[in-house]
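Since this is a predicted model, take the numbers as computed values, not measurements. For this chain, numbers begin at 1 and follow the sequence in order.
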Amino acid sequence: WVNLPGHFSEQIVADVGDGSVEDAGIGRLCIVVQTNATSSFHVSFSRSSSLPFRGTDEPVLRFVVGKRRNTITSVGLGNPYLRKEPIDFTRNPDALLSSDPERS
């Protein structure tokens, strides 16, 4: 379990390349995020462990959960996304933030 402080901070949660994450390999990883967040949060994947990622040329794959007042969750390349456009997004309620503790 990792408790993240929030408030626009970036923190490395796991380094997949160091072998400490069980069954992780190139192109294969499962991350489960459980949160009580009431505003959007971002999950970024990068080859580098240098922070911050935002506003740099470092290539990242970034998920934004609960974007636009919790109406969409999106995925894209870059931080911010290249050309400010996600690769894909969903409005499915299962992919949005929830106030229900069983779904968070």
Side-chain angles (χ1 to χ4, degrees):
W1 292 94
V2 177
N3 184 15
L4 301 176
H7 301 292
F8 304 104
S9 64
E10 291 184 19
Q11 182 175 339
I12 294 176
V13 177
D15 185 347
V16 178
D18 72 359
S20 65
V21 178
E22 184 179 335
D23 293 331
I26 294 175
R28 184 178 138 183
L29 177 67
C30 176
I31 300 256
V32 176
V33 176
Q34 183 176 9
T35 181
N36 60 357
T38 57
S39 61
S40 67
F41 68 91
H42 304 220
V43 177
S44 299
F45 297 90
S46 172
R47 294 179 303 181
S48 171
S49 60
S50 298
L51 294 176
F53 296 134
R54 183 162 183 78
T56 68
D57 290 333
E58 181 63 38
V60 298
L61 176 65
R62 183 169 64 113
F63 294 83
V64 182
V65 179
K67 190 174 180 174
R68 296 187 185 149
R69 295 187 180 171
N70 200 29
T71 60
I72 71 170
T73 289
S74 60
V75 61
L77 298 173
N79 189 2
Y81 295 145
L82 300 174
R83 294 181 297 285
K84 305 277 185 175
E85 291 293 324
I87 294 172
D88 203 358
F89 69 92
T90 182
R91 295 183 190 280
N92 186 318
D94 288 340
L96 301 175
L97 298 170
S98 172
S99 59
D100 180 354
E102 293 297 318
R103 293 186 56 218
S104 67

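Listed here is the closest heavy atom pair of Lys67 and Tyr81: NZ-CE1, 3.7 Å. Of all the heavy atoms in Pro59 and Ser46, the pair that sits closest is O-OG, 3.7 Å. When all heavy atoms of Ser74 and Pro86 are compared, the pair lying nearest together is CB-CB, 3.8 Å. What you find for Ala95 and Thr90 is that their closest heavy atoms are CB-CG2, 3.5 Å.
There is no path of hydrophobic side-chain contacts, each under 4.5 Å, that joins Leu51 to Val64. A single hydrophobic cluster is not seen to contain both Leu96 and Phe89; linkage of ILVMFWY side chains at heavy-atom distances under 4.5 Å, directly or through other members, places them apart. Linking Ile, Leu, Val, Met, Phe, Trp and Tyr whenever their side-chain heavy atoms come within less than 4.5 Å leaves Leu77 and Ile72 in two separate clusters.
No donor-acceptor distance shorter than 3.5 angstrom exists from the side chain of Arg62 to the backbone of Ser44, with no hydrogens or angles considered.
Two residues are said to be in side-chain contact when any heavy atoms from C-beta on lie closer than 4.5 Å; Val75 and Leu61 meet this criterion.
A distance of 7.5 Å separates CZ of Phe41 from OG1 of Thr73, quoted to the nearest 0.5 Å. We find the CG-OG1 distance between Asn79 and Thr56 to be 7.5 Å, quoted to the nearest 0.5 Å.
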